[in-house]
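I have placed the structure first, in the form of structure tokens, so that the comments after it can refer back to it.
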Amino acid sequence: MWDPIVVEQSATQPFTDYTRWRLLVNDGGRHTWHYLPTDEQLLNWPQNTVDKYWLGLDIGLPDLPPAKDAYEAARNGYKFYKNLQAHDGHWPGEYGGPMFLLPGLVIGSYVSGMGFKEEERLEMIRYLINRAHPEDGGWGIHVEGHSTVFGTGLNYAAIRILGLNADHPVCVKARATLHKLGGATAIPAWGKFWLSILNCYDWAGNNPVPPELWLLPDWVPCHPHRWWIHTRTVYVPMSYLYGVRYTIEENDLILSLRQELYPEDYHTINWPAQRNNVSKADLYAPHSGIFDALNVVLSSYEHWTIPPLRRAGVAKAYELIVREDENTEYQTLGPVSKMFNLIARAHAEGPESSAYKQHAIKRQDFMWIGAEGMMMCGTNGSQLWDTGFITQALVETGLADLEENKKGLIKALEWLDDAQIRENPKHYHSAYRHTTKGAWGFSTKEQGYTVSDCTGEGLKAVMYLQHDLDFTPKLVSERRMCDAIDVMLTLQNPNGGFASYELIRGPSWMEILNPAKVFGDIMTDYCYPECTTSVITSLAIFRKHYPKYRSKDIERTLKHAIEYLHNAQKPEGGWVGSRGICFTYATQFALESLSLVGETYETSASSRRACEFLLKKQRKDGGWGESYKSCEQSAWVEHENSQVVQTCWAVMSLMYARYPYPEPIEKGVQLVMSRQLPNGSWPQEAIEGVFNKTCAIAYPNFKFSSPIWILGKAHTYLAKLKGGS
């Protein structure tokens with residue numbers, strides 16, 4: 001057990017000395033936060049602007065002269081944002097939002113015997129206090145969501161493990177909300193699983209996760225290797241832990257949590273009856289009747305498992321866990337699989353093993369401290385994504401040509417050069433991986449996963465920096481650019497679209513096997529407009545510079561991708577986004593791609609319909625505002641306020657489509673300029689991203705790259721419109 005921690009009820013002020021926190025950036029973009037306890041350490045490692053900004057401290061940058069036009073506003077924006085570039089050339093940043101990740105970090109560390117520094121525990125507690133629902137004190141699935149059993153049950157357990165007393169007002173209020181929602185018996189599947197590991201929920205209350213599934217022949221249509229990669233990499237360690245029925249031993253805290261998490265007596269609960277008990281507050285994707293029937297069969301099998309078969313299934317799952325760890329240098333694909341893998345490796349090999357120690361090192365990469373405390377991020381960062389967009393923005397706006405910005409852009413190119421993945425995974429076919437040679441991932445090279453749109457945006461950024469500027473070195477060779485093209489050409493699906501990490505492997509009917517209840521469309525991958533458009537854009541730019549390389553393949557791929565894009569357009573004119581929120585995000589990407597193949601407002605009915613769709617959503621103040629609920633419903637849902645980032649995406653869409661009338665663009669530009677702060681930055685207004693339709697994610701760097709991009713472009717675009725050219 002960890003020592004109790006006493007804190008105030010209010011968490012508005014840090015529980016630690018924020019002047020002692022430092023962000024260490026090394027090894028190709030790794031981010032790890034460190035607390036310096038001694039004055040000598042403070043002298044040897046001064047706090048820099050990047051540290052201060054993300055901690056919410058005063059960074060001491062001066063106010064800038066008010067911008068007279070859009071270009072000056074863009075220039076002021078980058079004068080601020082360039083101070084947040086790390087020494088290695090990329091832009092670090094938070095990637096938070098989901099509220100089910102920090103409990104996994106805490107529970108997984110606790111049951112595997114891996115502790116935290118007291119300062120880390122204090123700021124995790126503070127984050128949970130700050131993120132509790134302001135009215136009922138519970139927690140949701142993400143920071144903008146309503147209280148759910150999933151969020152409240154897991155975060156309550158986490159804050160108690162971290163050391164907060166059950167009588168603390170925060171715990172009392174959250175516990176009351178949890179009980180009002182039905183208690184932890186009504187927690188969804190992943191919550192049931194985490195609490196079972198914590199020995200606060202009986203394994204009999206879980207639907208089966210048999211590791212024997214991994215022994216099926218690969219050709220079976222529903223073999224787990226055909227599942228969407230985020231589902232697959234989570235259920236590999238889940239099947240191992242279920243197969244061995246891993247659980248921590250009882251202690252005083254566990255016994256207390258059994259009383260606190262449930263309104264009824266823990267020992268009177270009929271656990272098998274809870275397998276499909278999920279609170280209405282959590283339910284998004286109900287189980288299918290077929291899946292429930294299958295679980296009846298599998299539950300019967302659990303009473304009569306064949307020991308050699310179970311051992312073989314557990315062994316196969318463990319092999320895949322080890323391969324995932326080694327392929328990603330223990331980063332794993334994401335934070336949920338990260339912590340499940342850690343528990344499995346700790347169980348199999350113990351705390352003295354190399355695997356355990358490597359997991360301890362890389363666990364730090366997911367821990368991010370911000371102004372509200374310490375969270376767990378949705379990946380080990382968004383390094384490539386953020387760096388790719390700001391570098392493209394600087395080139396397209398002409399800001400890259402300013403002498404004051406050249407050094408930083410060379411550093412950014414150096415980072416992009418280093419971030420390209422140059423070989424296939426160590427365990428390629430045996431870990432069911434897609435090719436990675438030539439790709440860029442979402443975060444770092446070390447994490448090592450191909451992502452279709454990240455490869456497209458990474459290559460586009462490199463081509464911009466190396467071909468459109470006359471002062472940059474040619475670091476990424478033509479051959480390596482061709483490698484990126486080769487990767488993207490392997491990712492097109494039969495309908496012409498592109499999914500996220502790999503080809504779609506499973507049939508869409510597999511969604512009837514979705515066990516989660518809180519996430520939609522997770523059993524197989526899907527084609528996404530924004531992934532498809534990033535590839536279209538990159539291929540279209542590449543063939544201008546290298547017209548002879550695989551020209552027929554590129555032409556065929558582009559033609560088929562454009563057909564998909566037309567088919568994916570909603571009747572009212574927009575495209576549904578699955579990474580950002582939502583129609584404004586995807587429509588921006590779509591109209592850029594269409595413009596590169598000659599489809600604009602004047603020449604294309606598709607482009608014209610998209611513009612008219614966006615124009616109908618523009619508000620009287622000139623802005624656009626879209627809620628994350630658009631992603632849940634696949635229909636436009638207005639946000640209560642206009643937002644800078646989504647206004648930027650909408651204005652960018654109009655400019656990509658070469659919309660011929662200046663008024664809507666001018667109004668959008670004026671709103672973005674009006675929200676700019678005196679030092680050149682913009683405030684964080686709302687969450688910008690989404691995951692699995694229901695879980696909102698923050699992309700705080702978007703509030704810099706997006707306005708800088710559109711303001712710089714709008715200055716030239718509007719001048720041309722008014723000049724008649």
Side-chain angles (χ1 to χ4, degrees), residues 25-31 85-93 229 326-329 331 333 365 379-392 394-395 408-428 433-469 472-491 498 500-502 531 534-543 545-546 549-550 554 701 705:
V25 174
N26 62 0
D27 296 341
R30 285 187 60 210
H31 301 155
Q85 186 179 20
H87 64 86
D88 67 353
H90 87 283
W91 276 262
I229 197 165
E326 293 181 353
N327 278 341
T328 64
E329 298 294 336
Q331 293 284 0
L333 178 62
D365 295 50
T379 63
N380 63 324
S382 53
Q383 293 90 324
L384 181 281
W385 200 237
D386 294 327
T387 302
F389 281 129
I390 187 58
T391 51
Q392 292 176 39
L394 295 174
V395 174
L409 279 168
I410 292 172
K411 291 298 295 183
L413 176 58
E414 290 172 353
W415 189 86
L416 290 165
D417 167 42
D418 184 63
Q420 188 182 21
I421 305 169
R422 305 191 192 187
E423 57 190 17
N424 284 318
K426 176 180 179 180
H427 306 288
Y428 184 7
R433 289 288 300 273
H434 195 84
T435 181
T436 57
K437 184 180 179 182
W440 276 272
F442 182 68
S443 56
T444 63
K445 178 170 64 177
E446 179 179 68
Q447 193 256 8
Y449 269 93
T450 293
V451 188
S452 60
D453 52 352
C454 297
T455 301
E457 300 299 337
L459 178 59
K460 180 183 172 186
V462 166
M463 290 189 292
Y464 271 16
L465 292 169
Q466 292 193 175
H467 294 307
D468 292 8
L469 303 177
T472 53
K474 303 299 185 280
L475 300 180
V476 180
S477 67
E478 179 180 342
R479 178 61 257 169
R480 286 171 52 202
M481 292 189 197
C482 293
D483 289 341
I485 296 298
D486 291 343
V487 170
M488 287 187 283
L489 292 179
T490 68
L491 287 166
F498 288 76
S500 50
Y501 294 85
E502 53 198 17
C531 290
S534 287
V535 174
I536 291 172
T537 301
S538 186
L539 292 178
I541 295 172
F542 175 85
R543 68 176 179 176
H545 296 291
Y546 305 101
Y549 187 75
R550 299 189 66 175
I554 291 174
N701 278 315
S705 57

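Just so it is clear, the structure is predicted and the values come from calculations on it, not from any experiment.
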Pair E457-S534, side-chain donor/acceptor within less than 3.5 Å:
yes
Intermediate values then yes/no, side-chain contact (heavy atoms from CB on, under 4.5 Å), D453 and W385:
CA-CA 9 Å; D453 52 352; W385 200 237; 3.4 Å; yes
For residues L416 and A461, report the shortest heavy-atom separation together with the two atoms involved.
CD1-CB, 3.9 Å
For A484 and W440 the tightest heavy-atom approach is CB-CZ3, 3.9 Å
Criterion salt bridge (Lys or Arg N to Asp or Glu O under 4.0 Å) on D486 and R550, from CA distance to verdict
CA-CA 9 Å; D486 291 343; R550 299 189 66 175; 2.9 Å; yes
Look only at the side chain of Q466 and the backbone of T472, and say whether a donor-acceptor pair between them is shorter than 3.5 Å.
no
Where the side chain of N327 meets the backbone of H427, is there a donor-acceptor pair that is under 3.5 Å apart?
yes
Distance check, rounded to the nearest 0.5 Å: K445 atom NZ versus E329 atom CD?
11.0 Å
Mind checking whether E414 and I410 have side chains closer than 4.5 Å, heavy atoms only?
yes
Using the side chain to side chain contact (heavy atoms under 4.5 Å, CB included) criterion, which residues pair with R422? Sequence neighbours excluded.
D417, R480
Distance (rounded to the nearest 0.5 Å) between D418 CG and D88 CG:
8.5 Å
How many angstroms lie between NE2 in H90 and OG1 in T444, if you round to the nearest 0.5 Å?
9.0 Å
Quick check against the 3.5 Å criterion: does Q420 have a side-chain atom that pairs as donor or acceptor with the backbone of G438?
yes
Please tell me if the side chains of T436 and V487 come closer than 4.5 Å, counting only heavy atoms from C-beta onward.
no
M481 vs V476 side-chain heavy atoms within contact, under 4.5 Å
yes
Side chain to side chain contact (heavy atoms under 4.5 Å, CB included) with A412: which residues, sequence neighbours excluded?
Q85, W91, T387, T391
Tested for side chain to side chain contact (heavy atoms under 4.5 Å, CB included) against Y464, the lone hit among L394, V395, L469 is V395
Do L413 and P473 come within less than 4.5 Å of each other through their side chains, counting heavy atoms only?
yes
Which atom of Y501 lies closest to which atom of V451, heavy atoms considered
CE2-CG2, 3.6 Å
On a heavy-atom basis, the closest approach of P92 and V25 is CG-CG2, 4.4 Å
Any donor-acceptor pair under 3.5 Å from Q383 side chain to N380 backbone:
yes
Between N424 and T435, is there a donor-acceptor pair closer than 3.5 Å when you use the side chain of the first and the backbone of the second?
no
D386: which residues meet the side-chain hydrogen bond (donor to acceptor under 3.5 Å, both in side chains) condition with it, sequence neighbours left out?
S382, N701
To the nearest 0.5 Å, what is the distance between OG (S477) and CG (D483)?
7.5 Å
Taking the cut-offs as 6.0 angstrom to the six-membered ring centre and 45 degrees off its axis, would you call R433 and Y449 a cation-pi pair?
yes
Please assess E478 against Y549 for the test side-chain contact (heavy atoms from CB on, under 4.5 Å), listing each intermediate value before the final yes or no.
CA-CA 10 Å; E478 179 180 342; Y549 187 75; 5.7 Å; no
Closest approach of S538 to L459 (non-hydrogen atoms, all atoms of both residues):
OG-CD2, 3.3 Å
Taking the inter-plane angle between the rings of H545 and H467 on a 0 to 90° scale, is it parallel (under 30°), tilted (30 to 60°) or perpendicular (over 60°)?
parallel
May I have the step-by-step check of side-chain contact (heavy atoms from CB on, under 4.5 Å) for F542 and M463, ending in yes or no?
CA-CA 8 Å; F542 175 85; M463 290 189 292; 3.9 Å; yes
Less than 4.5 Å apart, any side-chain heavy atom of Y546 and any of I485?
no
Check: L409 and L465 side chains under 4.5 Å, non-hydrogen atoms
yes
Under 3.5 Å, side chain of K460 to main-chain N/O of I541, donor-acceptor pair present?
no
With rounding to the nearest 0.5 Å, note down the distance linking OG1 in T328 to CG in L333.
8.5 Å
Kindly determine whether T450 and E502 satisfy side-chain contact (heavy atoms from CB on, under 4.5 Å), including the steps that lead there.
CA-CA 8 Å; T450 293; E502 53 198 17; over 6 Å; no
Find the distance between CZ (F442) and SG (C454) and round it off to the nearest 0.5 Å.
6.0 Å
